[in-house]
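First the structure, in the form of structure tokens, and then the observations on it.
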Amino acid sequence: MPELPEVEHAARVAHDAVHGRVLQRIDALHPAIARDGAVDRAAALVGRRVVAVRRVAKWQEFAFDDGAVLVVHFRMTGDWAVHDDAATPRHGRLALGFADGRTLWLVDPRVLARIAYHAPGAVRRDVAAPDAHDPALTPAALRARFARRRVPIKLALLDQRLLAGLGNIYAAEALWHARIHPATPASRLSLARVTRLLEGIRWALGEALADPGRQQYGESLDRLAVYDREGAPCPRCGAPIRRIVQGARSTYYCGRCQRA
DNA sequence: TATGGCCTGTGG
DNA sequence: CCACAGGCCATA
């Protein structure tokens, strides 16, 4: 449940479910989620109260009343399930148990999700790039971030150090909207094209932010212009959508209206 | 800057 | 059986 709009929604779900509650247990249900030791370290959170859950880029940060922070990244298939009984959901990987029997489950079929624990007062130097849809991010600022980047623009859009929030779906959708070929070197985009791209990014994310419940993993991919639509007609010009591979991942685009 | 790896599941 | 999956990281 990976791109920014879905993470935004998930952080709200988590906040509503557990803020103000005291953590009673944190348990890993699969060795992969505990592999790096963060779950063990996070045991220090037991007995602490959750002040708030907020989204930072594609991370979700649980702020506790002693200043400690639990960070969760869903990667590809993570999601939350809120239970008020003892049931363990299918693919439940991490249990955050609270008073009154409420459990916030990290459900993650592929177990690619990661967590991190930051002790109270820990110095953090992980600086998030601006949100892709942040109104303060101007075309000129974005173009400056693309400068000296000779990678294809599609890959630059996925680079969370440049801007935060786009994933494989919305990167393709944004490029389609802006009529930019995905293989164009990022550094070669004119200011006019970056301006169009930023509009495309906000169009792609805006549609999703307005409809936050959708795109649970494996669910509706309809209403998308190009993603997963190889061979289907471009909604704008009718030419067949093409699929190429960039960075070992599929890119979908219209060969007619997205010029090289 | 490219590649493989992480994991499990699904669909062809 | 194989290819592929909404992400990211470690490694050459």
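In this text the structure is predicted, and so the values were computed from the model without any measurement. Sequence lines set the chain letters: A, B, ... in the order given, protein chains first and strands last, and positions in each chain run from 1.
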Kindly point out which of [options] is positioned nearest to the side chain of [X]?
X        : options              : answer
A:Arg110 : C:dC4, C:dC9, B:dT8  : B:dT8
A:Val111 : B:dT8, C:dC9, C:dC4  : B:dT8
A:Arg150 : C:dC9, C:dG6, B:dT1  : B:dT1
A:Tyr252 : B:dT1, B:dT10, C:dA5 : C:dA5
A:His91  : B:dG9, C:dG6, C:dA5  : B:dG9
A:Tyr227 : B:dT1, C:dC8, C:dA5  : C:dA5

Q. With sequence neighbours left out, what residues match A:Arg90 under salt bridge (charged side-chain N to carboxylate O under 4.0 Å, His left out)?
A.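 So A:Arg90 forms no salt bridge (charged side-chain N to carboxylate O under 4.0 Å, His left out) with any residue.
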
Q: Verify whether one side chain among A:Arg243 and A:Ser250 offers a donor that lies under 3.5 Å from an acceptor in the other.
A: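 On atom types as modelled, these side chains qualify, holding a pair under 3.5 Å.
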
Q) A:Ala32 near the nucleic acid: base, sugar-phosphate alone, or nothing, with a heavy-atom cut-off under 4.0 Å? A)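 It contacts sugar-phosphate atoms only.
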
(Q) What contact category does A:Arg243 fall into here, base, sugar-phosphate, or nothing, at under 4.0 angstrom with non-hydrogen atoms? (A)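 Result for A:Arg243 = sugar-phosphate.
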
Q: First locate atom CD of A:Glu61, then atom NE2 of A:His15, and finally report the distance between them rounded to the nearest 0.5 Å.
A: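 If I round to the nearest 0.5 Å, the distance is 14.0 Å.
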
Measure the distance from [atom1] on [X] to [atom2] on [N] and round it to the nearest whole Å.
X        : N     : atom1 : atom2 : result
A:Asp36  : C:dC8 : CG    : P     : 16 Å
A:Tyr170 : C:dG6 : OH    : P     : 12 Å
A:Arg75  : B:dG5 : CZ    : C1'   : 11 Å
A:Leu155 : C:dG7 : CG    : P     : 12 Å
A:Arg161 : C:dC9 : CZ    : P     : 9 Å
A:Leu158 : C:dG6 : CG    : P     : 10 Å
A:Phe74  : C:dC8 : CZ    : C1'   : 16 Å
A:Glu230 : C:dA5 : CD    : P     : 10 Å

Can you tell me if [X] touches the phosphate of [N], counting only side-chain N or O atoms and a distance under 4.0 Å to OP1 or OP2?
X        : N     : value
A:Ser250 : C:dA5 : yes
A:His73  : C:dG7 : no
A:Gln160 : C:dG7 : no

Q.
Ignoring hydrogens and geometry beyond distance, is the side chain of A:Arg249 in donor-acceptor contact with the base of C:dA5 at under 3.5 Å?
A. no

With a 4.0 Å cut-off on N to O distance, would you call [X] and [Y] a salt bridge?
X        : Y        : answer
A:Asp159 : A:Arg149 : yes
A:Arg75  : A:Asp108 : no
A:Asp126 : A:Arg124 : yes

Q. Which one of A:Lys58, A:Arg54, A:Arg55 satisfies the salt bridge (Lys or Arg N to Asp or Glu O under 4.0 Å) criterion with A:Glu8?
A. A:Arg55

(Q) Using a 3.5 Å limit on both distances, find every run of at least three consecutive Watson-Crick or G-U pairs that involves DNA chain C. (A) B:1-6 with C:7-12, B:8-12 with C:1-5

Q | Closest approach of A:Leu191 to A:Arg143 (non-hydrogen atoms, all atoms of both residues) | A | N-NE, 3.5 Å

Q) Glycosidic conformation of C:dG6, syn or anti, with 90° from 0 as the boundary? A) syn

Q.
With rounding to the closest Å, how many angstrom separate the C1' atoms on C:dG6 and B:dT1?
A.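 Nearest-Å result for C:dG6 against B:dT1 at atom C1': 24 Å.
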
Q: Hey, which sits more toward the 5' end of DNA chain B by its nearest nucleotide, A:Arg114 or A:Gly247?
A: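 Counting from the 5' end, the first nearest nucleotide belongs to A:Gly247.
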
